[in-house]
Protein chains: 2
Amino acid sequence: MMELTRKGEYAVRGIVYLATQPEDKVCLLSDIAAAVDVPATFLAKIFQQFSKIGLVKSYRGTGGGFVLGRAADRITLLEVVEAVEGPIIPNRCVVAPGECPRDVFCNVHPVWKRVQVQVRDVLEKVTLRDLAGL
Amino acid sequence: MMELTRKGEYAVRGIVYLATQPEDKVCLLSDIAAAVDVPATFLAKIFQQFSKIGLVKSYRGTGGGFVLGRAADRITLLEVVEAVEGPIIPNRCVVAPGECPRDVFCNVHPVWKRVQVQVRDVLEKVTLRDLAGL
DNA sequence: TCCTAAAAGGATAATAATAGTCCTTTTAGC
DNA sequence: GCTAAAAGGACTATTATTATCCTTTTAGGA
Ligand code: SF4
Ligand code: SF4
């Protein structure tokens, strides 16, 4: 239960690797993929998602590649994970009131909410700089 | 991400309902299923899992049904969830050292461990008695 | 002992999600 | 115009989820 998918795992690996590189260095997707041992075509999709929301900046054509969209200490693990896995939702009822008709009287509901807060809290306190370990 | 499956949700609903009943009352699966709005055939499978590990006691034949295997305040939400969803594993590397060859130098690894601890902690502190709301 | 109630177990099936691959298109540098 | 590299789209294989249905076992009661 609550397992990160490969996609999520690959996403973290890839962007953490970027964070270990000099911040002005434009990295090739193929290099990143090789370095973190992820299928390049799959990682491409992931970085496209990152790019759309500005987590990374991409340059096309010769000399192109990727750099972080912000300083490594201003990107949290939570952002990275949510970018590819979607929001942290331990149970559908936490997403919005009314999702489950039982939520008005349900005592379990607040527990899932608590789980959500705790997980988000852990992930939010970790930045790419922490993970790069420099 | 981290979403409980229907099975898990149904499992919680079903056993919480049992906890709201008088503790010596043998409840029919069909009644439980109707009360918590879950397909009876599906809930049957879930309660079979509960039964195997003693979370509920089952009686077959006429007058049969289910009762809690222990007092409601001695069954935690964690146990219930893990019974049907398996252990709380935010990422494969937390299950055992060596699962991922990178874990020796990986800074992300301990974060997932922390997530695991936090989630387990929240769920462990809640018992069926709390959830039954009596 | 036979009938009926009820859970246990097993097989199967439809749908959705995951984990990719491959090909074409766009963009940019030389 | 050639080449490098990311972006986008279509497609596929595998696995997990969400069930349903049928048969078997167990037990109670007439
Ligand atoms: S935990 Fe309660 S509110 Fe949430 S989905 Fe389950 S029954 Fe509904
Ligand atoms: S978080 Fe680190 S140790 Fe865990 S699977 Fe990913 S790379 Fe491996």
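Just so it is clear, the structure is predicted and the values come from calculations on it, not from any experiment.
- If you take CG of A:L4 and P of D:dA16, they are 16 Å apart, rounded to a whole angstrom.
- Summarising the geometry, the separation between CE on A:M1 and C1' on D:dT17 is reported as 14 Å, rounded to the nearest angstrom.
- Taking the 5' to 3' direction, DNA chain C first and last meets chain A under 4.0 angstrom from a heavy atom at C:dT18 to C:dG29.
- Taking B:N107 as the reference, nothing meets the side chain to side chain donor-acceptor pair (under 3.5 Å) condition, with sequence neighbours excluded.
- Five base pairs at each end of the helix from C:dT1-D:dA30 to C:dC30-D:dG1 define two local axes, and these are offset by 10° (rounded to 10°).
- Under the 4.5 Å side-chain heavy-atom criterion for grouping Ile, Leu, Val, Met, Phe, Trp and Tyr, A:V119 is connected to A:V95 within one hydrophobic cluster.
- Looking only at side-chain heavy atoms (C-beta outward), B:T76 and B:V126 stay at 4.5 Å or farther from each other.
- Scored by the side chain to side chain contact (heavy atoms under 4.5 Å, CB included) test, B:R120 finds B:L78, B:E82, B:I88, B:Q116 as partners (sequence neighbours excluded).
- Residue order along DNA chain C, read from the 5' end via each residue's closest nucleotide, puts B:F47 first among B:F47 and A:P39.
- If you check residues 9-20 of chain A against DNA chain C, the residues with a heavy atom closer than 4.0 Å are A:Y10, listed by number.
- Remark: P of D:dA16 and NZ of A:K7 are 18 Å apart, rounded to the nearest angstrom.
- Scored by the side chain to side chain contact (heavy atoms under 4.5 Å, CB included) test, A:P22 finds A:D24, A:K25 as partners (sequence neighbours excluded).
- Heavy-atom distances under 4.0 Å link DNA chain C to A:R60, A:G61, A:T62 of residues 51-71 of chain A, given in residue order.
- Summarising the hydrophobic clusters (Ile, Leu, Val, Met, Phe, Trp, Tyr; side-chain heavy atoms under 4.5 Å, direct or chained), the residues clustered with A:V26 are A:Y59, A:V67.
- Residue contacts shown for B:T5 are limited to sugar-phosphate atoms, with no base heavy atom under 4.0 Å away.
- In this structure, the side chain to side chain contact (heavy atoms under 4.5 Å, CB included) partners of B:A132, at least two apart in sequence or on a different chain, are B:A19, B:T20, B:L134.
- There is a path of hydrophobic side-chain contacts, each under 4.5 Å, that joins A:M1 to A:V94.
- Counting to the nearest Å, the C1' atom of D:dT20 and the CZ atom of B:F42 are 11 Å from each other.
- Sorted by first and then second residue, the ring-ring contact (aromatic ring centres under 6.0 Å, His included) pairs with a member in residues 112-134 of chain A form an empty list; sequence neighbours excluded.
- Rounding to whole angstrom units, CD of residue A:E3 and C1' of D:dT15 are separated by 13 Å.
- Per the geometry, CZ belonging to B:R6 stands 7 Å off P belonging to D:dT18, to the nearest Å.
- Between B:E79 and B:R74 there is no salt bridge, since no side-chain N of the basic residue sits under 4.0 Å from a carboxylate O of the acidic one.
- In this structure, the side chain to side chain donor-acceptor pair (under 3.5 Å) partners of B:E9, at least two apart in sequence or on a different chain, are A:N91, B:R13.
- Side-chain atoms of B:K113 and B:Q118, non-hydrogen and from C-beta on, never get closer than 4.5 Å to each other.
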Please tabulate, one pair per line, all N/O donor-acceptor pairs under 3.5 Å involving side-chain atoms of residues 36-58 of chain A, not counting sequence neighbours.
unit_1, atom_1, unit_2, atom_2, d
A:Q49, OE1, A:K7, NZ, 2.9
A:Q49, NE2, A:A83, O, 3.4

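- D:dT20 atom C1' lies 10 Å from atom NZ of B:K45, rounded to whole Å.
- Side-chain contact between A:L4 and A:E85 is present, with at least one heavy-atom pair separated by less than 4.5 Å.
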